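All remarks here apply to the structure that follows.
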Amino acid sequence: MAVRFAKADDVETLLKLADQKRTEYEHYAPNFWRKAVDGLEKQRLFFQDLLTKPNVLVLVSEKNNLIDGFLVASIVKAPPVYDPQSEVCMIDDFTVVDSTKWATVGRDLLEEARRQAAQRQAHLSVVVCGHKDEPKREMLKAAGFGLASEWYVNPL
């Protein structure tokens with residue numbers, strides 16, 4: 001298994017994996033995670049753009065020439081009301097093909113993102129995780145992450 005930077009040729013595979021994760025999350029909280037009808041095309045353009053951004057890390061895990069997970073991390077400033085004392089590594093899109101592989105594939109992607117982010121002067125990582133995504137949550141806990149906030153939703 002190898003972790004590497006994503007290339008333009010990887011975008012279609014990343015779209016499939018992201019769509020699978022969105023489908024899973026839509027079941028957790030359909031009012032918040034509802035998939036947009038044109039979401040795939042919008043995300044295609046978004047991913048293509050991300051690959052050109054110097055402050056964004058798009059990493060893939062690959063085994064036997066097949067992508068088995070990916071992660072998108074942005075190195076950003078924290079909101080001005082907080083002072084984490086450095087830039088932050090914000091990890092949003094992050095998934096693996098097989099949910100039983102979070103402890104290996106997911107952890108390898110996470111550690112490489114953190115290594116790359118530290119080289120870019122970030123000193124804090126934030127990872128988005130659906131509240132019922134237990135395999136991912138368990139990996140994050142095992143990696144030393146703690147819960148910082150929860151979002152509650154209610155339709156108007």
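A quick note: this is a predicted structure, and the numbers were derived from the prediction, not measured.
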For E150, give me all partners under salt bridge (charged side-chain N to carboxylate O under 4.0 Å, His left out), at least two apart in sequence or on another chain. none

Got a sec, which residues hit ring-ring contact (aromatic ring centres under 6.0 Å, His included) with F145, two or more places apart in sequence or on another chain? none

Are V58 and V105 connected into the same hydrophobic cluster when the rule is that any two of I, L, V, M, F, W, Y join if their side-chain heavy atoms are below 4.5 Å apart? no

Q20 and E24 side chains, donor-acceptor separation under 3.5 Å: no

Please identify each residue that fulfils side chain to side chain contact (heavy atoms under 4.5 Å, CB included) with E111, with sequence neighbours left out. R107, R114, A143

With a 3.5 Å cut-off and sequence neighbours excluded, list the donor-acceptor pairs that the side chains of residues 88-99 form with protein atoms.
{"from": "D98", "atom 1": "OD1", "to": "T100", "atom 2": "N", "distance (Å)": "2.9"}
{"from": "D98", "atom 1": "OD1", "to": "T100", "atom 2": "OG1", "distance (Å)": "2.7"}
{"from": "D98", "atom 1": "OD2", "to": "T100", "atom 2": "OG1", "distance (Å)": "3.1"}

Evaluate the side-chain proximity of Q48 to V11: yes if any heavy-atom separation is below 4.5 Å, no if none is. yes

So ring-ring contact (aromatic ring centres under 6.0 Å, His included) across residues 3-30, not counting sequence neighbours, yields Y25-Y28, Y25-W33

Is there a donor in the side chain of R120 and an acceptor in the side chain of Q116, or the other way round, less than 3.5 Å apart? yes

Would a 4.5 Å heavy-atom cut-off, applied to side chains only, mark M139 and L110 as touching? yes

Contact list for residues 61-73, test salt bridge (charged side-chain N to carboxylate O under 4.0 Å, His left out), sequence neighbours left out: R4-E62

L140, L59: one ILVMFWY side-chain cluster at the under-4.5 Å cut-off? yes

If you look at every heavy atom in A117 and I75, which pair is closest and at what distance? CB-CD1, 3.6 Å

Run the side chain to side chain contact (heavy atoms under 4.5 Å, CB included) check on V3 and V60 step by step: do they pass? CA-CA 6 Å; V3 175; V60 299; over 6 Å; no

Same apolar cluster: L57 and L50, side chain cutoff 4.5 Å: no

For R34, the side-chain hydrogen bond (donor to acceptor under 3.5 Å, both in side chains) test, sequence neighbours excluded, returns N31

Yes or no on side chain to side chain contact (heavy atoms under 4.5 Å, CB included) for K7 and L51, after CA distance, side-chain angles and deciding distance? CA-CA 7 Å; K7 303 175 288 197; L51 292 175; 6.0 Å; no

Got a salt bridge between D19 and R22, using NZ or NE/NH1/NH2 to carboxylate O under 4.0 Å? yes

Show every salt bridge (charged side-chain N to carboxylate O under 4.0 Å, His left out) that has at least one partner inside residues 131-146, sequence neighbours left out. K21-D133, E134-R137, E138-K141

When hydrophobic residues are tied together by side-chain contacts of less than 4.5 Å, even through go-betweens, does L40 share a cluster with I67? yes

Minimum-distance pair of heavy atoms, taken over all atoms of A113 and L71: CB-CD2, 3.5 Å

Compare every heavy atom of A6 with every heavy atom of L14, then report the nearest pair and how far apart it is. CD1-CB, 4.2 Å

Listed partners of F47 passing ring-ring contact (aromatic ring centres under 6.0 Å, His included), at least two apart: F70

May I ask whether F46 and V76 are part of the same hydrophobic cluster, defined by side-chain heavy atoms of I, L, V, M, F, W, Y residues being less than 4.5 angstrom apart, directly or through others? no

Check whether any side-chain N or O of H131 sits under 3.5 Å from a backbone N or O of C129 as a donor-acceptor pair, and report yes or no. no

Can you name the side chain to side chain contact (heavy atoms under 4.5 Å, CB included) partners of D38, sequence neighbours left out? A36, K42

Just jot down the salt bridge (charged side-chain N to carboxylate O under 4.0 Å, His left out) partners of E26, sequence neighbours excluded, or say none. none

Examine distances only and state if a side-chain atom of S61 and a backbone atom of G69 form a donor-acceptor pair shorter than 3.5 Å. no

Tell me the side-chain hydrogen bond (donor to acceptor under 3.5 Å, both in side chains) pairs involving residues 49-58, sequence neighbours left out? D49-K53

